[in-house]
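Structure first, then comments.
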Number of protein chains: 2
Amino acid sequence: MQLPPLVQTFVLHFGEMGSRWGINRTVGQIYAVLFVSERPLNADEIVERLGVSRSNVSMGLKELQAWNLVRLQHRPGDRRDYFATPEDVWQIVRTLVEERKKREIDPTLTMLRELLMQEVGTEAERHAQARLGEMHDLFELFTGWYDDMRRLDTDRLIQLLTLGAKVQKVLEMKDRLTRFGGRGGKGD
Amino acid sequence: MQLPPLVQTFVLHFGEMGSRWGINRTVGQIYAVLFVSERPLNADEIVERLGVSRSNVSMGLKELQAWNLVRLQHRPGDRRDYFATPEDVWQIVRTLVEERKKREIDPTLTMLRELLMQEVGTEAERHAQARLGEMHDLFELFTGWYDDMRRLDTDRLIQLLTLGAKVQKVLEMKDRLTRFGGRGGKGD
DNA sequence: TATCAATTTCAGAAACTTCTGAAAAGACGA
DNA sequence: TCGTCTTTTCAGAAGTTTCTGAAATTGATA
């Protein structure tokens, strides 16, 4: 592996993390190398830096492209493909969440809805269905919230995240201000 | 696999999802079976339902216990261990996020902080460090937000998630209302 | 202490994933 | 068209994870 120690540490850790999240180690490493690189890299440069086979890099890049996580670029007078990550880390987060939702959450919601529509006979099945209903509602709540969040521009998103639970305070204030006097505030 | 078709579909899907998130398929299936069960189950009952070996179930249950995702119970006059998931799905979410943070996010933040403290020589390394800084700040923002959220009780959490981006509207209103008292507004 | 039921451990088998080198395919200019 | 440079594909090797059955351990009871 032909990398400065600082970068190497990061790349190895990132590959490791990747494999805990169902992403193949090399794919994670390729992404890490691109992420810290000053400029787009071609496949051979990645091979050099990581010390893995050319074909492995080719497959890894293909996977990253399928996930929309890298951008392909060309330089004038050079036929090779150059790859880069988006400069904006928020763009990366958005893509990651979006793709993961598309591949895993949405199909799960579909499956849950289908199972909830079935007529069942036994008590055990009725109980199972009730549980699946709870899970379905949870997923719906999260995807609904996410759907709202992704529409916000990054500054506002940061603003909200930074406020954190303080939003709650603002909501209480709103309650007090809008229903003057009345029962506002903590009631649930 | 000895399960009603409805449950079987769910269990298989859940196992599949698990393996995409770095959780072994059987462990996912065991969890799914416990999740929809009306009552706590002992290891042999899980073996029956899933048709996998007793030792496999034993290892799976051990892993789920290490993740705090199942509760062990005993019945009077029965030496066997019975396992159940929490009844409250929100409790499940909280545990999952907490454990994942502890195992993956926190160590990553530690690593990033260590790399950011290093003095480096080359331009490439300085650029890499800047990128790691961006990633670090992103992770900090998320964990800070999460730290706020986890303190909220479930009803308030649901309230916030349901509002979604409408919170933004309330914040704007707050801005308008507080501005003419002095310090209000966008500043942080 | 011996017995018995339940659980855990673990070495090796089975299944699965990842990786490689070699060959094929594609793209471009001469 | 050909030659060259590049990327992709793919069969099998290497590596890793998961799973099993048999044996060991635990712990309660007599």
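Within every chain, numbering begins at 1; the chains are lettered A, B, ... in the order of the sequence lines, protein sequences first and strands thereafter.
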Next item on the list: Specify the separation, in whole Å, of atom CG of Asp78(B) and atom C1' of dC4(C).
Entry: 15 Å
Item checked: Spacing of Ile46(A) atom CD1 relative to dT6(D) atom C1', expressed in whole Å -> 14 Å
Check: For Asn56(A), which contact category applies under a 4.0 Å heavy-atom criterion: base, sugar-phosphate, or nothing?
Finding: base
Margin query: Is it the case that dG21(D) (base atoms only) and Ser55(B) (side chain only) share a donor and an acceptor within less than 3.5 Å, ignoring hydrogens and angles?
Written below: yes
Next item on the list: Find the distance Met59(A):CE to dT17(C):C1' and express it as a whole number of Å.
Entry: 10 Å
Check: OP1 or OP2 of dT7(D) less than 4.0 angstrom from a side-chain nitrogen or oxygen of Ser58(A), does that happen here?
Finding: no
Notebook entry, point to check: Tell me: CD1 of Ile23(A) to P of dC19(C), nearest whole Å?
Noted result: 13 Å
Check: For dT7(C), does either OP1 or OP2 sit under 4.0 Å from a side-chain N or O belonging to Asn42(B)?
Finding: no
Check: What is the distance from CH2 of Trp21(A) to C1' of dT17(C), rounded to the nearest Å?
Finding: 21 Å
Next item on the list: Flag this pair as yes if the NZ/CZ of Arg75(A) is under 6.0 angstrom from the six-membered ring centre of Tyr82(A) and inside a 45 degree cone about the axis; otherwise no.
Entry: yes
Next item on the list: Find the distance Arg80(B):CZ to dG27(D):C1' and express it as a whole number of Å.
Entry: 16 Å
Margin query: From CD of Glu63(B) over to P of dT17(D), roughly how many Å is that when rounded to an integer?
Written below: 12 Å
Next item on the list: For Asp44(A), answer base if it contacts any base atom (sugar-phosphate contacts may also be present), sugar-phosphate if it contacts only those atoms, and nothing otherwise; contact means non-hydrogen atoms under 4.0 Å.
Entry: nothing
Next item on the list: Give the C-alpha distance, both sets of side-chain angles, the deciding distance and a yes or no for side chain to side chain contact (heavy atoms under 4.5 Å, CB included) between Ile105(A) and Arg100(A).
Entry: CA-CA 7 Å; Ile105(A) 310 301; Arg100(A) 212 104 211 204; over 6 Å; no
Checklist line | Candidates dT7(D), dC19(C), dT20(D) - which lies nearest the side chain of Asp81(A) | finding: dT7(D)
Check: Val57(B) or Arg54(A): which one's nearest nucleotide on DNA chain D is closer to the 5' end?
Finding: Arg54(A)
Check: Are Lys62(A) and dT7(D) close enough that a side-chain N or O sits under 4.0 Å from OP1 or OP2?
Finding: no
Margin query: If I take atom CG in residue Leu41(A) and atom C1' in nucleotide dT7(D), what distance separates them, rounded to the nearest angstrom?
Written below: 17 Å
Notebook entry, point to check: Would Leu61(A) and Ile46(A) satisfy side chain to side chain contact (heavy atoms under 4.5 Å, CB included), going step by step from the backbone distance to the final call?
Noted result: CA-CA 10 Å; Leu61(A) 286 169; Ile46(A) 299 170; 4.1 Å; yes
Notebook entry, point to check: Any chance the rings of Trp90(A) and Phe142(B) have centres within less than 6.0 Å?
Noted result: yes
Notebook entry, point to check: What nucleic acid atoms does Arg79(B) come within less than 4.0 Å of, heavy atoms only: base, sugar-phosphate, or nothing?
Noted result: base
Notebook entry, point to check: How are the rings of Tyr31(A) and Phe35(A) set to each other: parallel, tilted or perpendicular (split at 30° and 60°)?
Noted result: parallel
